[in-house]
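In what follows, a single structure is set out as structure tokens and then discussed.
For clarity, every value in this text was computed on a predicted model and none was experimentally measured.
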Amino acid sequence: MRRLVTALLAFAVAVPAAAATAPHVPIATFEQLAKPLPLPYDEQANAQTVVAAAKARAKARHKLLLIDLGGNWCLDCRLLAGTMDLPQLQKFIAANYEVAIVDVGRFNKNLDIPAHYGIKDRMEGVPSVLIVDPRTDKLINQGRTAALADARSMTPQALADWLAGWTK
């Protein structure tokens, strides 16, 4: 219970006040996600190309850019991917974001992507989610990029609420 209260308090601090309402997530726990959990990170992809294409789509479609930095070895990254794959959340994300998924290995590859947005020291954890305004190429969630690095301590709805919190 204490862990849940701590996670909820951290969530309340991490989400901006003027946020869109997240869709209702029909599951209460991550154990209810489809198994096996997704392996979303393409280890062979050219990260620069993936991000540039998503940024161009986001700018053209007047959406935010969401850069998901992580690795397939990370349970929290896979929980994020599984939750984002839920139809209700998938529809919301598609309406508000263009997503770029970037494999950072074990914090040893594609680190030029977070460095571009001012994360030059060791990343605080994965998944790290960068919310970027594609018009200005500025990081919107500065200081909160690793808020989902302990996703397993959240609920699927809290995760959806966090993602919705950056939209208007």
Side-chain angles (χ1 to χ4, degrees), residues 14-16 18-23 25 33-34 36-151 154 156 159-168:
V15 176
T21 302
V25 176
L33 288 172
L37 290 170
L39 298 170
Y41 303 93
D42 181 349
E43 297 173 7
Q44 306 306 315
N46 180 316
Q48 289 290 340
T49 301
V50 168
V51 171
K55 189 186 311 178
R57 288 191 312 271
K59 190 173 183 179
R61 296 174 182 165
H62 307 287
K63 297 180 184 180
L64 293 171
L65 172 63
L66 185 155
I67 304 172
D68 175 1
L69 304 167
N72 291 328
W73 56 268
C74 168
L75 175 60
D76 294 300
C77 297
R78 295 178 68 194
L79 290 172
L80 172 62
T83 304
M84 288 174 64
D85 282 350
L86 293 171
Q88 299 82 354
L89 192 52
Q90 194 174 50
K91 182 178 176 184
F92 177 84
I93 290 169
N96 292 282
Y97 292 105
E98 288 297 331
V99 179
I101 298 175
V102 176
D103 176 52
V104 294
R106 293 198 180 261
F107 305 102
N108 62 352
K109 61 191 277 194
N110 297 319
L111 299 180
D112 54 326
I113 302 294
H116 176 78
Y117 296 102
I119 303 168
K120 296 183 189 220
D121 296 327
R122 182 167 168 82
M123 292 171 53
E124 294 178 40
V126 290
S128 280
V129 177
L130 311 182
I131 309 296
V132 176
D133 179 341
R135 295 168 297 145
T136 62
D137 199 32
K138 298 292 182 199
L139 183 63
I140 295 172
N141 65 327
Q142 185 72 38
R144 300 178 188 148
T145 59
L148 305 181
D150 192 19
M154 301 170 78
L159 198 151
D161 291 342
W162 189 90
L163 290 171
W166 302 101
T167 63
K168 293 185 176 148

CH2 of W73 to CG of L39, rounded to nearest 0.5 Å, is 13.5 Å
The criterion is side-chain contact (heavy atoms from CB on, under 4.5 Å); which residues satisfy it with K109, sequence neighbours excluded? E43, D103
Taking only residues at least two apart or on different chains, which pairs with a member in residues 74-84 satisfy side chain to side chain donor-acceptor pair (under 3.5 Å)? D76-R152
May I have the step-by-step check of side-chain contact (heavy atoms from CB on, under 4.5 Å) for R144 and I131, ending in yes or no? CA-CA 10 Å; R144 300 178 188 148; I131 309 296; over 6 Å; no
Rounded at 0.5 Å granularity, tell me how far SG in C74 sits from CG in L37. 11.0 Å
Verify side-chain contact (heavy atoms from CB on, under 4.5 Å) between L69 and I101, making sure each step is shown before the conclusion. CA-CA 6 Å; L69 304 167; I101 298 175; over 6 Å; no
Partners of T136 by side chain to side chain donor-acceptor pair (under 3.5 Å), sequence neighbours excluded? none
The side-chain contact (heavy atoms from CB on, under 4.5 Å) partners of Q90 (sequence neighbours excluded) come to D85
Residue list, side chain to side chain donor-acceptor pair (under 3.5 Å) with D112, at least two apart or on another chain: Q48
Could you give all pairs that pass the salt bridge (charged side-chain N to carboxylate O under 4.0 Å, His left out) test and reach residues 88-97, with sequence neighbours left out? none
Can you name the side chain to side chain donor-acceptor pair (under 3.5 Å) partners of D68, sequence neighbours left out? Y41
Under the side-chain contact (heavy atoms from CB on, under 4.5 Å) rule, collect the residues that match up with A149, sequence neighbours excluded. A146
Should the heavy atoms of other residues, nucleotides or ligands under 6.0 Å from CD of E124 be counted, would the total exceed 12? no
side-chain contact (heavy atoms from CB on, under 4.5 Å) partners of A45, counting only residues at least two apart: D42, V50
Pairs in or reaching into residues 49-65: which pass salt bridge (charged side-chain N to carboxylate O under 4.0 Å, His left out), with residues at least two apart or in two chains? K55-D137, R57-E98, R61-E98, K63-E98
Atom CG of D121: over 12 foreign heavy atoms under 6.0 Å: no
Contacts of Q142 that satisfy side chain to side chain donor-acceptor pair (under 3.5 Å) - sequence neighbours left out: none
